[in-house]
Amino acid sequence: MMRTRPLKVALLGCGVVGSEVARIMTTHAEDLAARIGAPVELAGVAVRRPSKVREGIDPSLITTDATALVKRGDIDVVIEVIGGIEPARALITTAFEHGASVVSANKALLAEDGAALHAAAEAHGRDLYYEAAVAGAIPLVRPLRESLAGDKVNRVLGIVNGTTNFILDKMDTSGAGYSEALDEATALGYAEADPTADVEGFDAAAKAAILAGIAFHTRVRIGDVHREGLTEVTAADIASAKRMGCTVKLLAICERAADGRSVTARVHPAMIPLTHPLASVREAYNAVFIEAEAAGQLMFYGPGAGGAPTASAVLGDLVAVCRNLVAETTGPGESAYTQLPVSSMGEVVTRYHISLDVADKPGVLAQVATVFAEHGVSIDTVRQQSRQDGVGEASLVVVTHRAPDAALSGTVEALRKLDTVRGVASIMRVEGE
């Protein structure tokens, strides 16, 4: 039986995502009501620029006082799509205090202060849902939080930023340099005017923190995530990857240690074999590869950003939260019972691809091999070739076996001190094998 009193929704933010959420709520109102078991009503929209024309939205719903909107007391659900830390954190907390559940797309806030938000939701008996905070329309949060709740997830490996994937894909397919690929991404609207959050890995690191926390039932904040961007990736790195049968991706990697006593979370460029499913993810698409004990290997793929895809995730959460309200219950909250420590990057076991510029003379390879041996790092393959652009110089490429990252970093520092090593052309981790 359909509940007649509508569930009232407050929308905080009406930009690219917010306006699409409002449009879908209006045009699909009957379908949403049928799926929820009650009508939903857009009761207010908080914006910064009230004079802007917003098609399909009743101007009487527009307000600049977001605090007053969430304090009204008759609001059932608050949708927060304004982003950033403040005032979003204060508004979400106020919403809980005044009896509203919250749907958020705010990855930065959840990665920084998710535990406190979950605690506030639980204290007031309300829901906090945030599918849209990670990888746009791709369902990841709910499968990890609910579908795989009975399984043991050991690894989450993914491409979670469309801008960086577009840039690396263009560098791979066209031979363009980083700057050229970034210019193309900007022209097509994939990159912001200030692309720092994307290209330096901040966006992906926030998503990695959220995914690691859910996957491993422990608290992981963005400060726990090792982060490297892709600004140092060169066309030569891309070419080296191709020679190895690999491609380069900016990966978010969350892993449970082999002994199960700790976890790691990291974001950095890496070479992955062309045979790995993530290697085929092109342009601005996202994909996440999950390895679970019972389920095995799972891959989630789709558009990771944009107004409509992100709005789809927001509306999915809205339906779930509203169903809970109709049933007078709440969904799953934070699960952090394991309280596992987050290990540093130095403890991560990984492989390196190291390209050195060296003197082209006998004994150089032996010197380099000795440095690796002294640091306990085993060499998998090595390739030395004379350079046509430099007399008496050669290019030496070494691919290692898996070893602690600290040992590999120490090896590189020792190599820099050799008289026969002119320079370290590139260093990149190798993943997905």
Side-chain angles (χ1 to χ4, degrees), residues 107-108 111-112 134 153-161 164 168 196-216 218-233 237 241 246 248-272 278 288-291 338-355 371-372 374-378 380 398-416 424 426-433:
K107 54 186 170 287
E112 176 64 32
V134 182
V153 176
N154 291 316
R155 195 172 196 230
V156 179
L157 173 76
I159 297 164
V160 294
N161 182 275
T164 54
L168 290 171
T196 302
D198 293 322
V199 300
E200 293 294 352
F202 290 101
D203 175 84
K207 296 169 182 176
I210 294 170
L211 291 173
I214 300 171
F216 306 134
T218 198
R219 287 177 178 167
V220 180
R221 300 178 65 183
I222 190 168
D224 298 320
V225 181
H226 174 83
R227 176 191 55 79
E228 298 172 29
L230 54 72
T231 55
E232 301 300 317
V233 177
D237 293 326
C246 294
V248 177
K249 299 291 186 183
L250 186 77
L251 298 177
I253 306 170
C254 313
E255 292 179 305
R256 188 190 301 269
D259 62 8
R261 296 179 181 177
S262 65
V263 299
T264 58
R266 50 196 165 104
V267 168
H268 55 72
M271 296 180 179
I272 59 172
L278 290 177
V288 175
F289 198 74
I290 296 174
E291 298 175 14
T338 63
Q339 299 182 14
L340 295 172
V342 182
S343 298
S344 68
M345 186 62 194
E347 298 175 70
V348 172
V349 176
T350 187
R351 297 181 67 199
Y352 265 30
H353 172 283
I354 305 170
S355 180
V371 170
F372 278 90
E374 290 173 345
H375 288 80
V377 178
S378 177
D380 182 18
V398 178
V399 180
T400 73
H401 285 293
R402 291 170 64 82
D405 199 82
L408 290 162
S409 297
T411 302
V412 172
E413 290 307 308
L415 289 171
R416 294 182 193 275
V424 179
S426 71
I427 309 168
M428 192 168 294
R429 296 176 184 89
V430 182
E431 299 286 348
E433 296 180 304

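To the nearest 0.5 Å, the span separating CG on Leu230 from CG on Leu168 amounts to 5.0 Å. If you take CG on Leu211 and SG on Cys254, they are separated by 5.5 Å, rounding to the nearest 0.5 Å. We find the OG-NE2 distance between Ser426 and His353 to be 6.0 Å, quoted to the nearest 0.5 Å. Here CG of Asp203 is found 8.5 Å from CD1 of Ile222. Values are rounded to the nearest 0.5 Å. Considering CD1 of Ile427 and CG of Leu408, their distance stands at 10.0 Å, rounded to 0.5 Å. The CD1 atom of Ile272 sits 8.0 Å away from the SG atom of Cys246 when rounded to the nearest 0.5 Å.
Side-chain contact between Val398 and Tyr352: absent, with no pair of heavy atoms (C-beta onward) separated by less than 4.5 Å. Side-chain contact check for Leu250 versus Pro269: some heavy-atom pair is nearer than 4.5 Å. At a threshold of 4.5 Å between non-hydrogen side-chain atoms, the residues Val134 and Val288 do not count as touching. In this structure, Arg429 and Asp405 have side chains that are in contact, with non-hydrogen atoms separated by less than 4.5 Å.
Looking at every heavy atom in both residues, Val377 comes nearest to Ala403 through CG2-CB, 4.3 Å. Nearest heavy-atom pair across His375 and Ala414 is CE1-CB, 3.5 Å. Smallest separation of non-hydrogen atoms from Val412 and Val424: CG1-CG2, 4.4 Å. Ala241 approaches Val248 most closely through the heavy-atom pair CB-CG2, 3.8 Å.
Taking the side chain to side chain donor-acceptor pair (under 3.5 Å) definition, one finds that Thr338 meets it with nothing, sequence neighbours left out. Residues meeting the salt bridge (Lys or Arg N to Asp or Glu O under 4.0 Å) test with Lys249, sequence neighbours left out: none. Residues passing the side chain to side chain contact (heavy atoms under 4.5 Å, CB included) test with Glu291 are Arg155, Phe289, Gln297, sequence neighbours excluded. Take Glu347 and apply the side chain to side chain contact (heavy atoms under 4.5 Å, CB included) test, not counting sequence neighbours, and it matches Ser343, Ser344. Applying the salt bridge (Lys or Arg N to Asp or Glu O under 4.0 Å) test to Arg219 and every residue at least two apart in sequence or in another chain returns Glu334. Looking at residues two or more places apart in sequence or on another chain, you find a side chain to side chain donor-acceptor pair (under 3.5 Å) between Arg351 and Asp380, Glu433. Every residue two or more places apart in sequence or in another chain was checked for a salt bridge (Lys or Arg N to Asp or Glu O under 4.0 Å) with Asp198, and none qualifies. Under the rule for a salt bridge (Lys or Arg N to Asp or Glu O under 4.0 Å), the partners of Arg416 that lie at least two apart in sequence or sit in another chain are Glu413. For Ala252, the side chain to side chain contact (heavy atoms under 4.5 Å, CB included) partners are Val160, Ala208, Val267, not counting sequence neighbours. Checked against side chain to side chain donor-acceptor pair (under 3.5 Å), His268 has the following partners two or more places apart in sequence or in another chain: Arg266. Partners of Val342 by side chain to side chain contact (heavy atoms under 4.5 Å, CB included), not counting sequence neighbours, listed by chain and number: Val220, Asp224, Val263. Residues that satisfy the side chain to side chain donor-acceptor pair (under 3.5 Å) test with Thr350, not counting sequence neighbours, are Glu431.
Counting only distance, with no hydrogens or angles, the side chain of Arg221 and the backbone of Glu112 share a donor-acceptor pair below 3.5 Å.
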### Task
With side chain to side chain contact (heavy atoms under 4.5 Å, CB included) as the test, would you mind laying out the steps for Met428 and Val233 before giving the verdict?
CA-CA 9 Å; Met428 192 168 294; Val233 177; 4.1 Å; yes
